Amino acid sequence: MAVQEKKKKQSTFRSINNFLHLWLGLISGAIVLVVCITACLWVFHEEITALAIPKKENQYVMAQHEALLSPSQITAIADSLYPQDFVRGITYTRDAPVSFTIRTNGGDTSQKTISQVHLLHPYSGAYLGLKTEDSSTEGIRRERLERFFTWALKGHRFLWLSRDVGRPIVNYATLIFSITLFTGLVWWYPKKWTKSTRDKSFKVKWRAGWKRLNLDLHNVFGFYSLLLVLLLAVTGMYYGITWFNKALYWSTNWGQSLAERQAVHSDTTKIFMQNEFGAAFDKQVAGILQQYKDPFYLNMTYPDTAKADATIQVFIRNDMDRQYNNRYYSFDRYTAQFLPNSISLFNKDFYELSGGEKFRRLNYDIHVGSVWGLPTKILAFFVTLIAGSLPVTGFIIWYNRKWGKRKKSIRRSTSQPKGTIPVAGAKKPTPRFRNIPKNL
């Protein structure tokens, strides 16, 4: 009796699991399909752009005997060219001119401002003019590619809807899809392990009929890709679900909650030291460039003069397609002193972080597959393609089981024996040669 109750309980569990897998899959399937297809379109956007647009000859290769312009030199050049304006930011970009941004009202935030980007030769300091739109063939092609990939990214993030509407839909559909991965694993697990069930669970029968092939693609590919698909889903939900974000940090950081954001401020009592700021800040930037060799770009943002306690923000991006090794710095606007803060995890070097903090820093690179470069991008592409195929193959399985057999039985019942003509009131024709032995 106990054995029978146990079997009945297990059967009930599986029926509930299968019900959840079916209906949760149907609810989230179309959204997951769009999210995955647009992700596949976007994942190689940098490589496709580089192939479509030939790289121009580099004019700014760093020479061993020359030094980059320092921030104080750049601001001095900007002040000589535009004495009435305010330098808002400076950017060093690999293999490109140095740029500085000015505001035409001298930093007065109460008035409408116009930002302009000006270019300098990174070594000689020669003024190269305003940064303008590239109207060449390559520039137009780049703009079209950027528009296409931006369109794909908007579909991936919020289904081309408004951000406030589309983003929750995408994130909670991803959460539902993550649950179906576990219910699918329960459905996939056979009641008994035999040679037949092992073949069905781990092998795709490529020469089978299309229905069996579709079933194998859903079950087998879904099993092999489960952990990686789940990893992409988890790292995606990190950006859009606040409670999930905090829970993920807590669970990967040994039960420690994420610290509240705390801003830092410049010391307004040291305003008399601002004459010494230029040389001190140059030294800080030189130290950053010495630590991070050949970064992709280094950007520094100067605060408005109206905010006396605001700080200078410095952001360094070391690689174009990776973000885990980016770094933020805050400096006092009067003394150029480094101000450690807890604004984000990117205010520390990667090696200084705990295991949970490193996972958080790696979140974006894991999600887009750039963590180890092109090989992991290729892996992410195929895993995402499989994830997008699961709702499609699952829907086909459900459709065939619900309506496929019914249509087949209707066709059989309405079909007539070959070679007969249906006549009203006629008896069913007797098949010929009924006495032929079965073994012939």
Side-chain angles (χ1 to χ4, degrees), residues 28-53 91 93 133-134 138-178 225 228-242 244-245 248 296-297 299 315 317-326 328 344 346 360-392:
S28 64
I31 299 171
V32 170
L33 176 62
V34 172
V35 169
C36 290
I37 295 301
T38 51
C40 289
L41 292 174
W42 185 84
V43 67
F44 295 115
H45 70 281
E46 292 170 0
E47 289 77 7
I48 293 172
T49 302
L51 287 174
I53 302 171
T91 302
T93 305
E133 293 184 2
D134 188 358
E138 291 82 4
I140 295 172
R141 192 181 304 163
R142 180 183 295 276
E143 183 183 358
R144 288 175 178 173
L145 284 172
E146 288 177 353
R147 282 206 304 264
F148 170 75
F149 289 123
T150 301
W151 173 84
L153 191 58
K154 287 181 179 179
H156 179 73
R157 288 180 172 175
F158 27 85
L159 304 174
W160 302 287
L161 302 171
S162 66
R163 187 183 184 89
D164 295 337
V165 174
R167 194 161 187 176
I169 294 174
V170 168
N171 281 287
Y172 281 98
T174 305
L175 179 61
I176 293 172
F177 177 68
S178 301
S225 64
L228 291 177
V229 171
L230 183 63
L231 183 62
L232 294 180
V234 167
T235 52
M237 289 184 290
Y238 158 85
Y239 292 103
I241 305 178
T242 303
F244 184 86
N245 186 326
L248 181 63
F296 182 73
Y297 68 79
N299 172 263
F315 172 66
R317 184 164 188 172
N318 289 283
D319 298 295
M320 180 60 188
D321 58 348
R322 295 184 184 89
Q323 291 194 10
Y324 79 92
N325 56 352
N326 295 346
Y328 289 96
S344 74
F346 286 88
R360 189 179 179 89
R361 278 269 285 265
L362 286 166
N363 188 90
Y364 175 82
D365 299 311
I366 293 173
H367 187 68
V368 302
S370 63
V371 62
W372 286 317
L374 185 59
T376 47
K377 279 191 174 185
I378 295 172
L379 178 62
F381 173 82
F382 283 107
V383 170
T384 306
L385 194 63
I386 292 172
S389 72
L390 294 178
V392 177

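In this text the structure is predicted, and so the values were computed from the model without any measurement. Quick note: residue numbers are just sequence positions, from 1. Note that these values count all heavy atoms, side chains included, but never hydrogens, waters or copies made by symmetry.
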key: CH2 on Trp42 to OG1 on Thr150, rounded to 0.5 Å   = 10.0 Å
Presence of salt bridge, Arg147 and Glu143, under 4.0 angstrom = yes
query = Do any N or O atoms from the side chain of Arg141 and from the backbone of Ala52 form a donor-acceptor pair under 3.5 angstrom?
reply = yes
request  = For residues Thr384 and Val43, determine if any side-chain heavy atom of one lies less than 4.5 Å from a side-chain heavy atom of the other.
outcome  = no
ask   = Are the side chains of Leu145 and His45 in touch, meaning some heavy atoms are under 4.5 Å apart?
value = no
ask   = Once you round to the nearest 0.5 Å, how far does CD1 of Ile169 lie from OG of Ser28?
value = 13.0 Å
query = Can you tell if the side chain of Leu379 reaches within under 4.5 Å of the side chain of Trp372, non-hydrogen atoms only?
reply = no
key: Spatial distance of atom CG (Leu248) from atom OG1 (Thr235) [nearest 0.5 Å]   = 9.0 Å
key: Lys377, NZ atom: more than 12 neighbouring heavy atoms under 6.0 Å   = yes
query = For Val170 and Thr174, which heavy atoms make the closest approach, and how far apart are they?
reply = O-OG1, 2.7 Å
key: Heavy-atom closest contact (Ser225 atom, Ile386 atom, distance)   = OG-CG2, 3.4 Å
task = Mind telling me whether His367 and His156 have parallel, tilted or perpendicular rings, with 30° and 60° as the class edges?
result = tilted
task = Could you tell me which non-hydrogen atom of Leu41 sits nearest to which non-hydrogen atom of Ala152, and how far apart they are?
result = CB-CB, 4.2 Å
request  = With rounding to the nearest 0.5 Å, note down the distance linking CD1 in Ile176 to CG in Asn171.
outcome  = 11.5 Å
request  = State whether the side chain of Arg317 and the backbone N or O of Met320 hold a donor-acceptor pair below 3.5 Å, judged by distance alone.
outcome  = yes
request  = Please lay out, stage by stage, how Phe158 and Val165 fare under the test side chain to side chain contact (heavy atoms under 4.5 Å, CB included).
outcome  = CA-CA 7 Å; Phe158 27 85; Val165 174; over 6 Å; no
query = Taking all non-hydrogen atoms of both residues, which atom of Gly155 and which atom of Val34 are closest, and how far apart?
reply = O-CG1, 4.3 Å
task = Say whether, by atom type as modelled, one donor and one acceptor occur between the side chain of Trp160 and the main chain of Gly166 under 3.5 angstrom.
result = no
note = Between the CD1 atom in Ile31 and the CZ atom in Phe177, the distance rounded to the nearest 0.5 Å is 12.0 Å
key: Flag side-chain contact, heavy atom, 4.5 Å: Phe149 against Leu153   = no
key: Validation row: Leu230, Ser178 side chains within 4.5 angstrom (heavy atoms)   = yes
inquiry  = Keeping Thr376 on the side-chain end and Gly369 on the backbone end, is there a donor-acceptor pair under 3.5 Å?
reply    = yes
query = What do you reckon, is CZ of Arg157 surrounded by more than 12 foreign heavy atoms closer than 6.0 Å?
reply = no
ask   = Is any side-chain heavy atom of Ile366 closer than 4.5 Å to a side-chain heavy atom of Tyr324?
value = no
query = Do Tyr238 and Tyr364 come within less than 4.5 Å of each other through their side chains, counting heavy atoms only?
reply = no
Check: Asp365/Ser370 side-chain N/O donor and acceptor closer than 3.5 Å = yes
remark   = One should read off an interatomic distance between Arg167 CZ and Leu161 CG, to the nearest 0.5 angstrom, of 13.5 Å
ask   = If you draw a 6.0 Å radius around CZ in Arg144, do more than 12 non-hydrogen atoms from other residues or ligands fall strictly inside?
value = no
